[in-house]
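Data first, discussion second: the structure below is written as structure tokens.
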Amino acid sequence: MIRYLIKNNIKLMTRSSINILAFVLAPILVSAVLISAFSTLMEKYEDVGTFTVGYRISGEQTGVYIKEALEKMSENNDITFSEYPAGDIEEAVNKKELACFIDFGDEKYRIYEKEDYSIQGKITEGIISIFYNRMALGQNTAKAADITVNKADFIPPVDSTDYYGIIEIIYFGWCAIVCAAALFSNEKKYRIRNKFTVSGVSEFKLYLARFISLSAAVLAGIAASAVISSLMLGVHWGNVFLSALIVTVSVMAATAFGIMLYTITDSMVLTIILSFSIVWVWGFIGGSFETYMFSSLPESLKKISPIYHENRALIEILVQGKSDYIFSALLYLTGIVAVCSAISVLASKLRRMGRK
């Protein structure tokens, strides 16, 4: 009986193939727009490597210990300090391959940079600032100059193509209820559920038939969209098995969530409005539009959104091969499937009892 119901539901959904086609194309089109818009913002950074800093000692009292300190700092870091005792400083910075230039006086120093907020300039500024602070605390020159810049262990960067190519698949997967528009409208039009009720088919079996058929249709559309975006836009995925598992469970959660809303409201229009509104909020919090890396929202607020857990898991799987969010994403999504399914079956039973 279940097989017959699933087959019938899929037939009803294919009668409105435009919905499924739009479902396949929407993630690709939106991804292409966002990739283009944010390609510069999410360009991959490069290690600054070794760079040269020019310097001049204009103070009479600073000469000996400054030179010793700069030699020590050069040993500990990828910086070459080169002395320019004469000539115009701005000309030296512009014409020479210098990241910046330091003019040391007796009581203060001044740093000249080629451009504002250059990474090399900020590194140099930080090192010299630490050195002077240590000297002010009474440390000797060698000890004060013993400064090492450690590189933080950040998550590897992801470009806009991979980020939005993955994220939008998840986001539109949560709009699964659109694919069921033809199914629900035909059920009402031909009073299909009333016929099954009279035949004695349980509400759980009717729900299961809806859930499996809709999940299969949405998953097929999402898979097609992911393959096309990979071929046309060059989107890369991480571990295929883990990524496919998260996407599959996400589609199941989205399906259960959409069916629950429809079962409660018994209105396709109201269901789409509620579903899209909630999913948009989850997507906004979870990084579907503004990347979660650049978002200023509190972490506690982001974790409310199931989309955030999915996004973190999939992106981190891509860039580092693992993620602490895999378990939380699967747990959150499985919980949504269980709770929404239970509510849907219960609501259907109550509605059936009301008809009697």
Side-chain angles (χ1 to χ4, degrees), residues 34-163 290-297 319-320:
L34 292 174
I35 287 168
S36 176
F38 295 104
S39 58
T40 302
L41 178 64
M42 297 185 67
E43 283 181 348
K44 291 184 178 180
Y45 63 79
E46 295 181 359
D47 190 350
V48 296
T50 303
F51 58 93
T52 302
V53 175
Y55 73 92
R56 175 176 301 166
I57 301 174
S58 55
E60 296 180 0
Q61 307 298 322
T62 58
V64 176
Y65 74 82
I66 282 293
K67 286 187 177 183
E68 292 177 355
L70 295 178
E71 289 177 5
K72 183 71 173 178
M73 286 185 265
S74 294
E75 292 174 4
N76 296 338
N77 301 283
D78 295 330
I79 305 175
T80 300
F81 289 95
S82 181
E83 186 176 9
Y84 291 82
D88 184 69
I89 292 177
E90 292 187 9
E91 184 179 348
V93 171
N94 294 325
K95 289 188 176 181
K96 308 292 183 181
E97 293 297 325
L98 303 179
C100 57
F101 196 102
I102 313 172
D103 183 13
F104 292 101
D106 283 328
E107 297 181 357
K108 60 182 179 179
Y109 63 90
R110 178 174 293 180
I111 298 178
Y112 299 83
E113 299 180 47
K114 278 186 177 179
E115 55 185 86
D116 292 336
Y117 305 110
S118 69
I119 297 175
Q120 297 92 332
K122 295 309 168 188
I123 291 174
T124 305
E125 185 178 339
I127 291 174
I128 300 301
S129 176
I130 293 171
F131 169 71
Y132 269 84
N133 288 337
R134 289 181 177 181
M135 289 293 291
L137 293 174
Q139 296 183 6
N140 62 51
T141 304
K143 189 174 181 180
D146 191 12
I147 302 168
T148 302
V149 176
N150 294 316
K151 297 178 181 178
D153 186 19
F154 291 111
I155 294 175
V158 57
D159 62 21
S160 61
T161 299
D162 291 338
Y163 183 86
E290 179 188 29
T291 65
Y292 65 79
M293 294 91 78
F294 299 152
S295 174
S296 58
L297 295 173
V319 299
Q320 58 187 20

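Just so you know, residue 1 is the first one in the sequence shown, and it goes up from there. None of these values were measured; they are calculated from a predicted model.
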(request) Could you pull out the closest heavy-atom pair between L98 and V53, with the gap in Å? (result) CD2-C, 4.4 Å
Drop me the distance from [X]'s [atom1] to [Y]'s [atom2], to the nearest 0.5 angstrom.
| X | Y | atom1 | atom2 | answer |
| --- | --- | --- | --- | --- |
| L70 | E83 | CG | CD | 9.0 Å |
| I57 | I102 | CD1 | CD1 | 10.5 Å |
| N77 | I127 | CG | CD1 | 4.0 Å |
| F101 | T124 | CZ | OG1 | 12.5 Å |

(request) Decide yes or no on side chain to side chain contact (heavy atoms under 4.5 Å, CB included) for F131 and I66, but give the supporting numbers first. (result) CA-CA 10 Å; F131 169 71; I66 282 293; 4.0 Å; yes
(message) With a 3.5 Å distance limit and no angle check, can you tell me whether R56 reaches the backbone of Y84 through a side-chain donor-acceptor pair?
(response) yes
(request) Could you tell me whether the side chain of S129 and the main chain of E125 form a donor-acceptor pair under 3.5 Å? (result) no
Is any side-chain heavy atom of [X] closer than 4.5 Å to a side-chain heavy atom of [Y]?
| X | Y | result |
| --- | --- | --- |
| D103 | Y55 | no |
| I128 | F104 | yes |
| F51 | I123 | yes |
| I79 | T50 | no |
| Y163 | I35 | no |

